[in-house]
*Asks:* 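My structure is below; once you've seen it, I'll send some questions.
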Amino acid sequence: MAEDWATRTLRVGIVGLGWTGWTHLKGYQQIADVEVVALAGFEADRLAQYGREFTVPDLYRDYQDLLARDDLDAISICTPNQLHAPVAIAALRGGRHVLCEKPLARSGAEAAGMVAAAREAGRVLHTVFNHRARGDVMALKHFIDEGGLGRIYHAKSSWMRRNGIPTLGSWFTNKEMAGGGPLIDLGVHMLDLALYLTGEPEIATVSAATYAELGPRGRGGRADAFGPKHGSGSNYEVEDLATAFLRAADGATIALEASWAVYGSAGDDFGVTLFGTEGGAEIRVVNYNQEDTLRIFIDVAGRPSEVRPQLARGEGHLAVLREFLATIRSGEWAGHHGEDGLRRAQIIEACYASAQAGREVVVGSGQ
Ligand SMILES: NC(=O)c1ccc[n+]([C@@H]2O[C@H](COP(=O)([O-])OP(=O)(O)OC[C@H]3O[C@@H](n4cnc5c(N)ncnc54)[C@H](O)[C@@H]3O)[C@@H](O)[C@H]2O)c1
């Protein structure tokens, strides 16, 4: 069977037709020996258009019909967050491998259910953390792994938007459908980068605060360039700014901040700053630029110095798809059951619990 996974053309179904569904679809087309054979989503026009443009034979409105097929090897989940767990668990139980958009789930319990399903089925469950495959992040990770920063003891990680609520009244601003606001949406990317770059420290406690100052007053909304979002019809129910302080068991700390809308200097900007015993580093991305985003701070001949490496552009989502498929083909699936997505879901859940309680909480304890 392992040989079979290694060589045959893999058949994929994608659920969701928004920017992410389109990005997965486009990405799979660029990889050899994989076919997207089925799509599901509510937008009939997009479904027909993608079917034609990308030669996808089978198109469904309801994801259940896509999952009912018995000839798919893998599923990409590109739906609103509340569907990640039910779609993934059904797909895994049906023997499919699953690539799930971030966040893995709305809560630690939901994510744990997905990981358990992946382990029981013996299938791959990966979460899309596409920013790991930026050129600056890959170069910095390489430098860190060579010991360039020494021991990293503090990180600051943030994503801030001036005016970027992804459509007021869409599923993004509905607590039940999204699980939260910018913390679970943008903050999960920045939490991921901080943990990934600093070697996955075990986060023991968090202290967080959330605010909803602009969204509930109808301010800070941005129309989605990709078309209208699947709606919820509800009011603005989530935070528009979150700030959190995370303590690792080994004493390292992370300051995390995420916002969709604030009165401040940000456009749509994210970045990570790392402080280590042998050096420091800063990635600062303004409005998704890819040029001159990484600075490394070290001493040269005893003098404070700054290095700005020349970087290749990373592949983002395409690299994530390649890694997912390569993992399936490898037949080595232990440790690929969604564990990193679960850890991030538990930390974010603890942040929301802390914000609600108004005090520091222990991760995974519910208090
Ligand atoms: N990795 C990234 O950089 C990135 C960027 C944006 C969004 N995301 C994530 O991707 C996911 C989707 O976000 P989006 O912006 O593409 O959303 P979107 O609202 O644009 O698209 C959601 C799609 O899901 C479909 N859908 C909803 N319910 C369905 C059902 N029951 N059956 C079939 N289809 C259904 C909708 O028809 C729509 O096509 C979210 O989890 C989000 O957090 C990731």
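Index from 1, following the sequence. Both ligands and their constituent atoms are indexed starting at 1 by order of listing. Atoms considered below: every heavy atom in the structure, side chains included; atoms not considered: hydrogens, waters and symmetry mates.
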*Asks:* Do His131 and ligand 1 have an N or O pair less than 3.5 Å apart?
*Replies:* no

*Asks:* Which atoms of ligand 1 sit under 4.0 Å from any heavy atom of Gly18?
*Replies:* 16 (O), 20 (O), 21 (O), 39 (O)

*Asks:* Are Ile152 and Thr277 side-chain neighbours, meaning at least one heavy-atom pair lies under 4.5 Å?
*Replies:* no

*Asks:* Which of the numbered atoms in ligand 1 are below 4.0 angstrom from a heavy atom of Tyr63?
*Replies:*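 Within the 4.0 Å cut-off of Tyr63, ligand 1 contributes 30 (C), 31 (N), 32 (N), 33 (C).
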
*Asks:* Compute the minimum heavy-atom distance from His189 to ligand 1 and say whether it is under 4.0 Å.
*Replies:*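 True for this residue.
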
*Asks:* Do Leu294 and Glu282 come within less than 4.5 Å of each other through their side chains, counting heavy atoms only?
*Replies:*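 Answer no - side chains too far apart.
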
*Asks:* Does ligand 1 have an atom that lies less than 4.0 angstrom from a heavy atom of Pro80?
*Replies:* yes

*Asks:* Around atom CD of Gln310, are there more than 12 heavy atoms of other residues, nucleotides or ligands at under 6.0 Å?
*Replies:* no

*Asks:* For Arg46 and ligand 1, does the shortest N/O to N/O distance drop below 3.5 Å?
*Replies:*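 Checking ligand 1 against Arg46, no N or O pair falls under 3.5 Å apart.
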
*Asks:* I'd like to know if the side chain of Glu349 reaches the main chain of Ala345, judged simply by a donor and an acceptor atom lying under 3.5 Å from each other, with no hydrogens or angles considered.
*Replies:*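 It does not hold such a pair.
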
*Asks:* Considering only heavy atoms of His84, which atoms of ligand 1 have at least one such atom less than 4.0 Å away?
*Replies:* 41 (O)

*Asks:* Check Tyr60 against ligand 1 and report side chain, backbone, both or neither, counting heavy atoms closer than 4.0 Å.
*Replies:*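 It is neither part, as no heavy atom is under 4.0 Å.
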
*Asks:* Establish, from distance only, whether the side-chain atoms of Asp185 and Trp159 form a donor-acceptor pair under 3.5 Å.
*Replies:* no

*Asks:* Which atoms of ligand 1 are found less than 4.0 Å from any heavy atom of Arg61?
*Replies:*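 Atoms satisfying the 4.0 Å criterion: 32 (N), 33 (C).
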
*Asks:* Going by the atom numbers of ligand 1, which of them fall below 4.0 Å from some non-hydrogen atom of Pro103?
*Replies:*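 Counting from 1, the qualifying ligand atoms are 43 (O).
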
*Asks:* Count the heavy atoms belonging to other residues, nucleotides or ligands that lie under 6.0 Å from CZ of Arg322, then report whether that count exceeds 12.
*Replies:*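 Counting other residues, nucleotides and ligands, CZ of Arg322 exceeds 12 neighbours.
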
*Asks:* Looking at ligand 1, would Trp22 count as a contact under a 4.0 Å heavy-atom criterion?
*Replies:*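 No; Trp22 lies far enough from ligand 1 that no heavy-atom distance drops under 4.0 Å.
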
*Asks:* Could you name the option among Phe42, Trp19, Trp171 that has the heavy atom nearest to atom 17 (O) of ligand 1?
*Replies:* Trp171

*Asks:* Say whether Phe129 and ligand 1 are in contact under the criterion: heavy-atom distance to a ligand atom below 4.0 Å.
*Replies:*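 The answer is no: ligand 1 sits nowhere under 4.0 Å from a heavy atom of Phe129.
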
*Asks:* Should the pair Phe129 and His189 be assigned to parallel (<30°), tilted (30 to 60°) or perpendicular (>60°) ring geometry?
*Replies:* perpendicular

*Asks:* Judging by distance only, is a nitrogen or oxygen of Gly16 under 3.5 angstrom from one on ligand 1?
*Replies:* no

*Asks:* Do any N or O atoms from the side chain of Asp240 and from the backbone of Ala261 form a donor-acceptor pair under 3.5 angstrom?
*Replies:*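 Not a single qualifying donor-acceptor pair exists.
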
*Asks:* Step by step, work out the ring pair (Phe, Tyr, Trp, His ring centres under 6.0 Å) result for Trp333 and His126.
*Replies:* CA-CA 11 Å; Trp333 301 335; His126 275 186; over 10 Å; no

*Asks:* Checking ring pair (Phe, Tyr, Trp, His ring centres under 6.0 Å) for the pair Trp5/His97: CA distance, chi angles, key distance, verdict?
*Replies:* CA-CA 11 Å; Trp5 288 114; His97 301 282; 4.7 Å; yes

*Asks:* Quick one: does Phe324's side chain get under 4.5 Å of Tyr28's, heavy atoms only?
*Replies:* yes

*Asks:* Just which atoms of ligand 1 are under 4.0 Å from any heavy atom in Glu43?
*Replies:*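 Counting from 1, the qualifying ligand atoms are 36 (C), 37 (O), 38 (C), 39 (O).
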
*Asks:* So, is Val128 polar-close to ligand 1, with some N/O to N/O distance under 3.5 Å?
*Replies:* no

*Asks:* Given Lys102, Gln64, His24, Glu101, which has its nearest heavy atom closest to atom 43 (O) of ligand 1?
*Replies:* Lys102

*Asks:* Enumerate the atoms of ligand 1 whose separation from the nearest heavy atom of Leu83 is less than 4.0 angstrom.
*Replies:* 28 (N), 29 (C), 30 (C), 31 (N)

*Asks:* With a 4.0 Å cut-off, would you call Arg329 and Asp4 a salt bridge?
*Replies:* no

*Asks:* Taking distance alone, with no angle check, do Asp62 and ligand 1 share an N/O pair under 3.5 Å?
*Replies:* no

*Asks:* Check whether any heavy atom of Pro166 sits under 4.0 Å from an atom of ligand 1.
*Replies:* no

*Asks:* Atom 16 (O) of ligand 1: which of Leu17, Thr20, Asp65 has the nearest heavy atom?
*Replies:*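 Of the listed residues, Thr20 has the closest heavy atom.
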
*Asks:* Could you state whether Val124 and Ile31 fall into the same hydrophobic cluster, counting links through intermediate Ile, Leu, Val, Met, Phe, Trp or Tyr residues with side-chain heavy atoms under 4.5 angstrom apart?
*Replies:* yes

*Asks:* Considering the heavy atoms of Phe172, write down every atom of ligand 1 situated less than 4.0 Å from one of them.
*Replies:* 15 (O)

